[in-house]
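To start, the structure itself, in structure tokens.
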Amino acid sequence: MEWKILAQPILDSRMLLILKRAEKIQRYLSKAVITYDSLPREIKYIAGIDIAYSDGRAYGAAVVLEYKTMRIIEEKTYSLNMTIPYIPTFLFLRELPPAIAVARMLKVKPDVFMVEGHGRAHPRRFGLACHFGLVLNTPTIGVAKGLLCGEVRSINDSWKPIIDGEEIIGAAVLTRKNSKPIYVSVGHKVSLETAVKIVLECSRHRIPEPIRYAHLIAEKAKRKT
DNA sequence: GCGACAG
DNA sequence: ATCTTGTCGC
């Protein structure tokens with residue numbers, strides 16, 4: 001965690017100490033992540049979370065969709081001032097607060113959440129999606145557009161495993177024919193197999209509907225301000 | 001040592 | 001992530 005940090009004047013020695021402690025916390029909390037299915041067999045509602053930025057402000061959006069139809073049944077937004085810089089592997093410092101806040105505003109309790117960012121496909125096996133799922137103690141799936149660590153094994157078809165060391169930390173999923181894959185990993189209380197299945201069932205475009213809608217809603221909230 | 005690195 | 005028009009392709 002030294003690379004881009006030196007390129008950012010805002011990161012003083014004090015911040016470096018905070019990151020050191022954060023790493024330790026991430027490694028510790030990663031042990032509490034549940035990587036098997038602990039969610040309803042029949043999913044009725046699924047939620048998507050995304051954050052957009054403008055000036056020094058973050059706009060979080062949460063949307064709940066009816067699983068069977070992918071229709072929006074509820075949406076909420078929440079914004080706050082943002083001063084924390086983006087630092088790879090520490091995305092939670094920026095996005096967890098607005099993500100948790102906006103998720104708590106939902107009246108409908110979804111069976112599973114889809115969060116923008118990695119879950120276990122993280123150097124310390126504790127990406128934003130794990131953090132989110134653990135804090136809210138709810139089933140969560142991590143979906144990212146780019147790889148943070150690990151490598152995709154060019155094996156079979158539908159989805160390819162993301163390998164880091166000896167373990168499978170996620171899956172590269174092709175949600176649409178001629179486009180780049182998206183990276184799916186366990187957030188909390190959902191197995192990788194189920195996570196991939198859910199992502200595929202929610203895909204009409206490259207980005208699965210819950211996150212795609214959350215993104216649009218966050219963008220809309222940003223514009224109207 | 002150098003490069004890479006979710007949003 | 002964000003700043004941005006037209007354009008190629010399913």
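Letters go in sequence order (proteins before strands), and every chain restarts at 1. When reading the values below, keep in mind they use all heavy atoms of this one structure, side chains included, and skip hydrogens, waters and symmetry mates.
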**Asked** For atom CD1 of A:Ile163, is the number of surrounding heavy atoms from other residues, nucleotides or ligands below 6.0 Å larger than 12?
**Response** yes
**Prompt:** Looking for any heavy atom pair under 4.0 Å, which part of the strands does A:Leu128 touch: base, sugar-phosphate only, or nothing?
**Reply:** base
**Message:** Has A:Thr175 got a side-chain atom pairing as donor or acceptor with A:Arg206's backbone, closer than 3.5 angstrom?
**Reply:** yes
**Message:** Expressed as a whole number of angstroms, how long is the span from A:Leu96:CG to B:dG7:P?
**Reply:** 16 Å
**Message:** Taking 4.0 Å as the cut-off, does a side-chain nitrogen or oxygen of A:Lys177 come that near to OP1 or OP2 on C:dG9?
**Reply:** no
**Prompt:** Over how many whole Å does the gap from A:Ile211 atom CD1 to B:dG7 atom C1' extend?
**Reply:** 12 Å
**Prompt:** Can you name the residues that form a side-chain contact (heavy atoms from CB on, under 4.5 Å) with A:Glu219, not counting sequence neighbours?
**Reply:** A:Ala52, A:His215, A:Lys222
**Asked** Does A:Tyr86 lie flat on the base of B:dG7, that is, centres under 5.5 Å apart and planes under 30° off?
**Response** yes
**Request:** Show the numbers, then the answer: is there a side-chain hydrogen bond (donor to acceptor under 3.5 Å, both in side chains) between A:Arg124 and A:Ser30?
**Result:** CA-CA 7 Å; A:Arg124 293 174 289 283; A:Ser30 71; over 6 Å; no
**Item:** Options C:dC10, C:dT2, B:dG7, nucleotide nearest the side-chain atoms of A:Glu219
**Value:** C:dT2
**Asked** Hey, can you pull the residues of residues 200-209 of chain A with a non-hydrogen atom under 4.0 angstrom from DNA chain C?
**Response** none
**Request:** Could you tell me whether the side chain of A:Asp111 and the main chain of A:Tyr45 form a donor-acceptor pair under 3.5 Å?
**Result:** yes
**Request:** For the pair A:Thr140 (side chain) and A:Thr138 (backbone), establish whether a donor and an acceptor sit closer than 3.5 Å, ignoring hydrogens and angles.
**Result:** yes
**Request:** Report which part of the nucleic acid A:Ala121 touches: base, sugar-phosphate, or nothing (heavy-atom distance under 4.0 Å, all strands).
**Result:** nothing
**Request:** Can you tell me the distance, in whole Å, between the CG atom of A:Asp164 and the P atom of B:dA6?
**Result:** 14 Å
**Prompt:** Among the nucleotides B:dA6, B:dG7, C:dT2, which one has an atom lying closest to any side-chain atom of A:Glu116?
**Reply:** B:dG7
**Prompt:** Is a salt bridge present between A:Arg27 and A:Glu23, judged by a nitrogen-to-oxygen distance below 4.0 Å?
**Reply:** yes
**Request:** Kindly say if A:Lys145 contacts the phosphate of C:dA1, meaning a side-chain N or O under 4.0 Å from OP1 or OP2.
**Result:** yes
**Request:** Rounded off to whole Å, could you give me the CE-to-P distance for the A:Met82 and C:dT2 pair?
**Result:** 13 Å
**Item:** Dot-bracket pairing map - DNA chain B, Watson-Crick plus G-U, both contacts under 3.5 Å, | cross-strand
**Value:** .......
**Prompt:** Can you name the nearest heavy-atom pair linking A:Pro97 to A:Phe92, along with the distance?
**Reply:** CD-O, 3.5 Å
**Item:** 5'-most by nearest nucleotide on DNA chain C - A:Ala52 or A:Arg176
**Value:** A:Ala52
**Sugar-phosphate only, base, or nothing, as touched by A:Gly127 at under 4.0 Å among non-hydrogen atoms** = base
**Request:** Side chain of A:Leu148 only, please: which of B:dG7, C:dC10, B:dA6 is the nearest?
**Result:** B:dA6
**Geometric cation-pi criterion A:Arg104 and A:Phe113, 6.0 Å radius, 45° cone** = no
**Asked** Whole Å only: how far is the CD1 atom of A:Ile162 from the P atom of B:dA4?
**Response** 20 Å
**Fill in**
Rounded to whole Å, the CZ-C1' distance (A:Phe132 to B:dA6) equals 16 Å
**Request:** Could you state the atom-to-atom distance from CD1 of A:Ile87 to P of C:dA1 in whole Å?
**Result:** 18 Å
**Asked** Nearest of B:dG7, C:dA1, B:dC5 to any side-chain atom of A:Asp50?
**Response** B:dG7
**Message:** When you measure from the side chain of A:Glu74 to the backbone of A:Val108, do you find a donor-acceptor pair of N or O atoms at a distance under 3.5 Å?
**Reply:** yes
**Prompt:** Quick one: which of B:dG7, C:dC10, C:dT2 gets closest to the side chain of A:Ala144?
**Reply:** B:dG7
**Prompt:** Could you state the CG-P distance from A:Leu91 to C:dA1, rounded to the nearest angstrom?
**Reply:** 11 Å
